[in-house]
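Note: hydrogens, waters and symmetry copies are ignored here, and every other heavy atom, side chains too, is used. All of these numbers come straight from a predicted model, not from anything done at the bench. Positions are given from 1 along the sequence.
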Amino acid sequence: MQEATIFSFEIPQKRDGRFVYDLIKSCPPLDVNSKYAYFLLCDHFASSSIICRDTSNDDKIIGFVGGYRKPTEPETLFVWQIAVDENYRGRGIPAMMLQEMLQVQNPVSIQAIEATYTPSNKASFKFFTKFAENRRALTKVEEYLSEDDFGTGEQAHEAEKLIKIFLTPLPSSLNDKE
């Protein structure tokens, strides 16, 4: 009989930045930012980020969601990156982390989630749409950054689309008409 894995979810601390950086590096196609950026996320934006650990190995971060509240819309959580260690994928950890983040947000509750994704990152799009469906939430997708916005050469980057999830569930009558 295999022992069940137990996960713990925590608000990151500054010292976690280097471990988050290592996790992101191991999760292509995610963009790897500077180690310094991850220290800032785990320090300045800790209250809108979360880490996940396997309780049998508390030293290792196996999941991370980094985000921030939009300054012009504090009720909107912008999710910058989600990463899960390859050995722990397929267990629903991203949704658990995002749900945990929504439960610890105070004093202004989160009314919407925004995130960007590249069209080739089908897993990211699928995750966010499934998360919205499970919450019976409305989504809106629009262009955010074009390839031209990023420039050419080393700065070249695939376009980014923006998905917005409105967390207030749709009335049942609207959902049933689809």
Side-chain angles (χ1 to χ4, degrees), residues 7-55 58-86 88-89 92-118 121 123-125 127-132 135 137 139-142 144-145 149-150 155 157-168:
F7 302 110
S8 66
F9 303 96
E10 319 165 10
I11 292 173
Q13 297 181 23
K14 180 172 52 176
R15 69 174 179 262
D16 295 319
R18 73 182 175 131
F19 303 111
V20 169
Y21 173 82
D22 291 340
L23 175 65
I24 300 295
K25 274 184 30 179
S26 73
C27 294
L30 292 179
D31 288 335
V32 179
N33 297 281
S34 72
K35 205 175 275 189
Y36 182 72
Y38 295 105
F39 280 113
L40 291 176
L41 269 174
C42 292
D43 186 22
H44 295 183
F45 299 100
S47 67
S48 54
S49 298
I50 200 153
I51 57 173
C52 177
R53 299 180 195 273
D54 175 340
T55 58
D58 279 344
D59 294 335
K60 185 175 181 185
I61 293 174
I62 61 159
F64 173 72
V65 176
Y68 57 87
R69 286 179 183 259
K70 288 179 70 175
T72 57
E73 299 172 42
E75 69 284 351
T76 298
L77 174 68
F78 184 85
V79 175
W80 184 31
Q81 285 186 311
I82 298 178
V84 174
D85 182 290
E86 183 177 35
Y88 291 87
R89 293 181 188 158
I93 293 172
M96 286 188 274
M97 288 188 296
L98 199 49
Q99 184 59 41
E100 186 72 22
M101 284 176 67
L102 293 174
Q103 291 175 0
V104 299
Q105 294 300 310
N106 287 312
V108 178
S109 64
I110 300 296
Q111 301 297 313
I113 295 171
E114 286 186 354
T116 61
Y117 64 94
T118 58
N121 190 344
S124 183
F125 177 73
F127 166 74
F128 284 112
T129 54
K130 184 177 178 185
F131 185 84
R135 297 182 65 93
T139 60
K140 178 181 170 186
V141 176
E142 59 190 49
Y144 186 68
L145 294 169
D149 290 328
F150 286 101
Q155 274 71 44
H157 191 283
E158 191 176 354
E160 293 272 351
K161 292 186 176 265
L162 177 76
I163 186 167
K164 185 165 188 168
I165 302 169
F166 300 90
L167 295 176
T168 304

- Message: If you define the side chain from C-beta out and look only at heavy atoms, does anything of Thr129 sit under 4.5 Å from Ile163?
- Response: yes
- Message: Treating Gln81 as the side-chain partner and Asp31 as the backbone partner, does any N or O pair qualify as donor plus acceptor under 3.5 Å?
- Response: yes
- How many angstroms lie between CZ in Phe64 and CZ in Arg53, if you round to the nearest 0.5 Å? 12.0 Å
- Message: Just so I know, are the side chains of Arg135 and Leu102 near enough to count as touching, which here means a heavy-atom distance under 4.5 Å?
- Response: yes
- Query: Within a radius of less than 6.0 Å around NZ of Lys14, do more than 12 heavy atoms belonging to other residues, nucleotides or ligands occur?
  - Reply: no
- Task: Look up atom CG in Leu30 and atom CG in Asn121, then write down how far apart they are to the nearest 0.5 Å.
- Result: 7.0 Å
- Specify the closest pair of heavy atoms between Gly17 and Phe39, including all atoms of both residues, with the distance to one decimal. CA-CD2, 3.8 Å
- Message: Can you tell me how far apart CZ (Phe150) and CD (Glu160) are? Round to the nearest 0.5 Å.
- Response: 5.0 Å
- How about Phe131 and Ile165: do any of their side-chain heavy atoms sit closer than 4.5 Å? yes
- Query: Quick one: does Ser49's side chain have a donor or acceptor within less than 3.5 Å of a partner on Gly67's backbone?
  - Reply: yes
- Counting distance only, does the side-chain N/O of Glu75 pair as donor-acceptor with the main-chain N or O of Ile110 below 3.5 Å? no
- Tell me, with the steps shown, if Phe128 and Val141 meet side-chain contact (heavy atoms from CB on, under 4.5 Å). CA-CA 11 Å; Phe128 284 112; Val141 176; over 6 Å; no
- Which pair of non-hydrogen atoms, one from Ala83 and one from Ile24, has the smallest distance, and what is that distance? CB-CD1, 3.6 Å
- For Lys161, the salt bridge (charged side-chain N to carboxylate O under 4.0 Å, His left out) test, sequence neighbours excluded, returns Glu143
- Flag side-chain contact, heavy atom, 4.5 Å: Leu41 against Pro12: no
- Task: Give a yes or no on this: more than 12 heavy atoms of other residues, nucleotides or ligands lie within 6.0 Å of atom CD of Glu142.
- Result: yes
- Message: Please find the pair of heavy atoms, one from Phe78 and one from Ala115, that lie closest to each other, and give the distance.
- Response: CE1-CA, 4.1 Å
- Query: When you measure from the side chain of Arg89 to the backbone N and O of Val84, does any donor-acceptor pair fall under 3.5 Å?
  - Reply: yes
- Message: Could you check whether any side-chain heavy atom of His157 comes within less than 4.5 Å of a side-chain heavy atom of Thr118, counting everything from C-beta outward?
- Response: yes
- Is there side-chain contact between Phe19 and Lys60, with at least one heavy-atom pair below 4.5 Å? no
- Query: To the nearest 0.5 Å, what is the distance between CG (Asp54) and OG (Ser8)?
  - Reply: 8.5 Å
- Query: Side-chain contact, heavy-atom cut-off 4.5 Å: Ile61 with Asp16?
  - Reply: yes
- State, to 0.1 Å, how close Pro71 and Pro74 come at their nearest heavy-atom pair, and which atoms those are. O-CD, 4.1 Å
- Less than 4.5 Å apart, any side-chain heavy atom of Asp149 and any of Tyr144? no
- Item | Closest non-hydrogen atom pair between Ser48 and Tyr68, with its separation | OG-CA, 3.1 Å
- Minimum-distance pair of heavy atoms, taken over all atoms of Ala95 and Phe127: N-CE1, 3.5 Å
- Count the heavy atoms of every other residue, nucleotide or ligand shown that sit under 6.0 Å from OH of Tyr88, and state whether that count exceeds 12. yes
- Message: How long is the straight-line distance from NZ of Lys140 back to CD of Glu114, given to the nearest 0.5 Å?
- Response: 9.0 Å
- Do side-chain atoms of Tyr38 reach the backbone of Asn33 as a donor and acceptor pair under 3.5 angstrom? yes
- Could you give the distance from CD1 (Ile82) to CD1 (Ile50), rounded to the nearest 0.5 Å? 11.5 Å
